[in-house]
Number of protein chains: 4
Amino acid sequence: MPKIVDHDQYRKELLAKSFNLFAEKGYAAITMRQVAQGIGVSTGTLYHYFPSKEVLFEQLIEQSCQESILTVQSRMKNTQTLRERLALVAEYIEEQEEKLIRQTQLWIDFCQHHAVNPKDLSLWQRMNHRHEQAAAEMLEITNPEIVKLLGCVIDGVLLGRMLGSREISFTKQLGLFGEILAASSEKN
Amino acid sequence: MPKIVDHDQYRKELLAKSFNLFAEKGYAAITMRQVAQGIGVSTGTLYHYFPSKEVLFEQLIEQSCQESILTVQSRMKNTQTLRERLALVAEYIEEQEEKLIRQTQLWIDFCQHHAVNPKDLSLWQRMNHRHEQAAAEMLEITNPEIVKLLGCVIDGVLLGRMLGSREISFTKQLGLFGEILAASSEKN
Amino acid sequence: MPKIVDHDQYRKELLAKSFNLFAEKGYAAITMRQVAQGIGVSTGTLYHYFPSKEVLFEQLIEQSCQESILTVQSRMKNTQTLRERLALVAEYIEEQEEKLIRQTQLWIDFCQHHAVNPKDLSLWQRMNHRHEQAAAEMLEITNPEIVKLLGCVIDGVLLGRMLGSREISFTKQLGLFGEILAASSEKN
Amino acid sequence: MPKIVDHDQYRKELLAKSFNLFAEKGYAAITMRQVAQGIGVSTGTLYHYFPSKEVLFEQLIEQSCQESILTVQSRMKNTQTLRERLALVAEYIEEQEEKLIRQTQLWIDFCQHHAVNPKDLSLWQRMNHRHEQAAAEMLEITNPEIVKLLGCVIDGVLLGRMLGSREISFTKQLGLFGEILAASSEKN
DNA sequence: AATGAATGAGAATTCATTCAT
DNA sequence: AATGAATGAATTCTCATTCAT
């Protein structure tokens, strides 16, 4: 009888624990020893679950995207009215800000060093799409071109905050964007 | 007889030549040998002009920001009418897209690994400000809150394109943003 | 209820199964995991039967030599006439060629890394002796000096084939050697 | 002006110095640090001259074979009479015994771990051929089949001595082989 | 007995940096 | 000033061995 460990489940835990480490220092700058130490295992164990640093990183990206998608979905599930959804999305996006930033850091890193293949790209786009959709619902936007623009605003705030700007925030910028949109559409 | 070269001038040339290399691979991932080879000198020469990889990188950031600022300014100088400026800025931002993306890559990289000090930050902000101003003039925006929002849109497009999205572009998104702004303000 | 297996018997089976693996890759180059996988058990099981890689290897050498000796002996047992023996030895040596090569590989490997102790050495010499004797009988050689020379020829063929030469074979070279011997002795 | 080093010449010196180290411990068992230390340089320097352990080993094999061939040739060059040649070959083979053994060790090692390509093989065969030829001249053998047999005897002595047998030697076994040959041919 | 997860010392290799020329 | 050889600490990764189940 072997030691009882759900290999796959544990692998996912290790990935979750490495998330911050990779996001903070970047793929190239963090060492496997630092990762191992940071999540409390030996390098040997790390390599027992992942064949290489690169694969670990790829799985990290994948899991973090998929989890993000699931989280948004599940948040939406148990609510019926638009008002409820709006509240939840607003709450969600503020609460997830740090995570969103880290996720974007990871993705930028990933793009720089890997020839991003279609599967990965679609995963990222799907994730982004969910976030855009959630925000679009919050702001009651239907025009797809404007949803895209909204995506840019979100990404812009993300990048701004990633680079340390404290003058902008999701609430403020999205709020302003919502107002402008409302004002412009009233006219039509 | 020493070669007649202005030490400082040559240093700047080396920085200019390293720009793409650092932007493409990232600070941690590129090696000094790769940089040296990429710009056609020996590692020894590189170390003759820069005491360390880190300092080289810092000077790279600084020079690239300052140059960007100067470029925008000079572009604006010789034009009087708004229309002329608009044309030039539009042309400029499209033409510089790739450079802007690389610059942002570098800056993200820099922020991840250095405790950004006020001097650096102000440099970056000044640079960003110039770009925002240029774009603001193009779109005839005066409200500072909206200029900030515009900054987010620009950054968002930048991030989007950095991550490989081909569905968005400065022209399209800024155009749309301009329209919405116009529509919303007409009402007032 | 423990499984009904003779511990010692099973150990021997494991040794037999590891023979090829060690011979093909060499002691230093093969890993215990590869061995375990190759013979269809877990590393834990391997270590249950052998305290270390080194001991496993030593026992492998010993068992393979002893088995070789027994095989030659048993082949000889049930035959009385010289002719019969000759036929069997000839058959045996051709049929065992691959095994002999592997055995020699193992032994070379062993000598390189271990201070060969007298017990081991005598084992090897006894084995070699048997083979020489068998071949000597086949060729009806009695002079001990010439038996030694015969040993060299056998070893030479072994080494040649180990290194991939397809131009020589036991049958051919031993045959030629026999002829020369016959020719030279007729004269006396 | 760079440090004045004949890169290629120094590479060859490093190879020559590594010869014994690899032969004694075997490719898999020796570490690059041990090699570096053994030849008095840093690991970094080793990797400055050889891209990998494997390539170092391959070049080692090649250089050692080629050198062997050249040595035999040069030894033969300046001598006219058969007697002189015989003396030199006898001297050579005894004096080179240890080197021949090590070379064979290396080659066995090489064969075990590399898919030997035709170029390598022909190098080895050419080297072997030279040795056979030299010995054949010494013993005045012309029949190609018997030269091949002679090769087996040489290889057999080589293997025997490699495995520690002190009862056989080139002089003794080749001498005996020569006598037998002479005896057998006189009859014809 | 049997498994395979866990360990950490040690392997190959890289790379910022120094230094002789 | 310029070169590239040399260094060795640090990196990624491996593997004999141990141990909980």
Side-chain angles (χ1 to χ4, degrees), chain A residues 1-7 10-11 28-37 40-56, chain B residues 1-5 7 10 28-37 40-56, chain C residues 1-5 7 10 28-37 40-56, chain D residues 1-7 10-11 28-37 40-56:
Chain A
M1 271 162 290
K3 213 177 269 191
I4 296 165
V5 174
D6 184 335
H7 188 99
Y10 193 44
R11 212 195 74 242
I30 203 165
T31 74
M32 285 299 260
R33 215 176 299 192
Q34 286 170 331
V35 174
Q37 206 160 29
V41 299
S42 65
T43 58
T45 298
L46 218 46
Y47 278 92
H48 185 69
Y49 288 94
F50 309 97
S52 70
K53 188 186 183 184
E54 201 174 353
V55 168
L56 164 53
Chain B
M1 270 170 292
K3 244 188 240 180
I4 303 166
V5 271
H7 184 99
Y10 193 43
I30 204 165
T31 74
M32 285 299 261
R33 219 176 296 199
Q34 285 171 331
V35 173
Q37 204 163 31
V41 299
S42 64
T43 58
T45 299
L46 218 47
Y47 276 89
H48 185 69
Y49 287 94
F50 309 96
S52 71
K53 189 186 183 185
E54 201 174 354
V55 168
L56 164 54
Chain C
M1 270 170 292
K3 245 187 237 178
I4 300 165
V5 272
H7 184 101
Y10 193 45
I30 204 166
T31 73
M32 286 298 262
R33 220 177 294 198
Q34 285 171 332
V35 174
Q37 203 162 30
V41 299
S42 65
T43 57
T45 299
L46 218 47
Y47 276 89
H48 185 70
Y49 286 94
F50 308 97
S52 72
K53 190 186 182 184
E54 201 174 355
V55 168
L56 163 55
Chain D
M1 272 163 288
K3 216 177 268 191
I4 294 165
V5 173
D6 184 335
H7 189 100
Y10 193 44
R11 212 195 74 242
I30 203 166
T31 73
M32 285 299 260
R33 217 176 298 194
Q34 285 170 333
V35 174
Q37 206 160 29
V41 299
S42 64
T43 58
T45 299
L46 217 47
Y47 277 91
H48 185 68
Y49 287 93
F50 308 97
S52 70
K53 189 186 183 184
E54 200 174 354
V55 168
L56 164 54

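Naming: A, B, ... by sequence-line order, numbering from 1 per chain.
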Measure the distance from NE2 on D:H7 to P on E:dA20 and round it to the nearest whole Å.
21 Å
Walking DNA chain F from its 5' end, the first of B:V41 and D:V41 to be reached, judged by nearest nucleotide, is B:V41
I'd like to check A:V41 versus A:H48 (side-chain heavy atoms, cut-off strictly below 4.5 Å). Are they in contact?
no
Measure the spacing between NZ of D:K53 and OH of D:Y47 and express it to the nearest 0.5 Å.
8.0 Å
All stems with DNA chain E, defined as three or more consecutive Watson-Crick or G-U pairs under 3.5 Å
E:2-21 with F:2-21
I need the minimum non-hydrogen distance between C:A36 and C:T43, along with the two atoms involved.
CB-N, 3.8 Å
Show the nearest heavy-atom pair for residues C:L46 and C:M32, with the distance to one decimal.
CD2-O, 3.6 Å
Does some side-chain heavy atom of A:V35 sit less than 4.5 Å from a side-chain heavy atom of A:F50?
no
Which residues satisfy the side-chain contact (heavy atoms from CB on, under 4.5 Å) test with D:S42, sequence neighbours excluded?
D:T45
May I have the distance from D:Y10 (atom OH) to F:dT7 (atom C1'), rounded to whole angstrom?
12 Å
For atom CZ of B:F50 and atom P of F:dA2, their distance in whole Å:
12 Å
Separation of E:dA5 C1' from A:R11 CZ (nearest whole Å):
16 Å
Length of the NE2-P vector between D:H48 and F:dT3, whole Å
15 Å
What string of B, S and - do you get for nucleotides 8-13 of chain F 5' to 3' if you count protein non-hydrogen atoms under 4.0 Å?
BB-BBB
Rounded distance (Å) that lies between atom C1' of F:dA5 and atom CG of D:L46:
13 Å
List the residues meeting side-chain contact (heavy atoms from CB on, under 4.5 Å) with A:Q34, not counting sequence neighbours, and say none if there are none.
A:K25, A:I30, A:T31
The criterion is side chain to side chain donor-acceptor pair (under 3.5 Å); which residues satisfy it with B:Q37, sequence neighbours excluded?
none
Can you tell me how far C1' of E:dG10 sits from CD of D:Q37, to the nearest Å?
14 Å
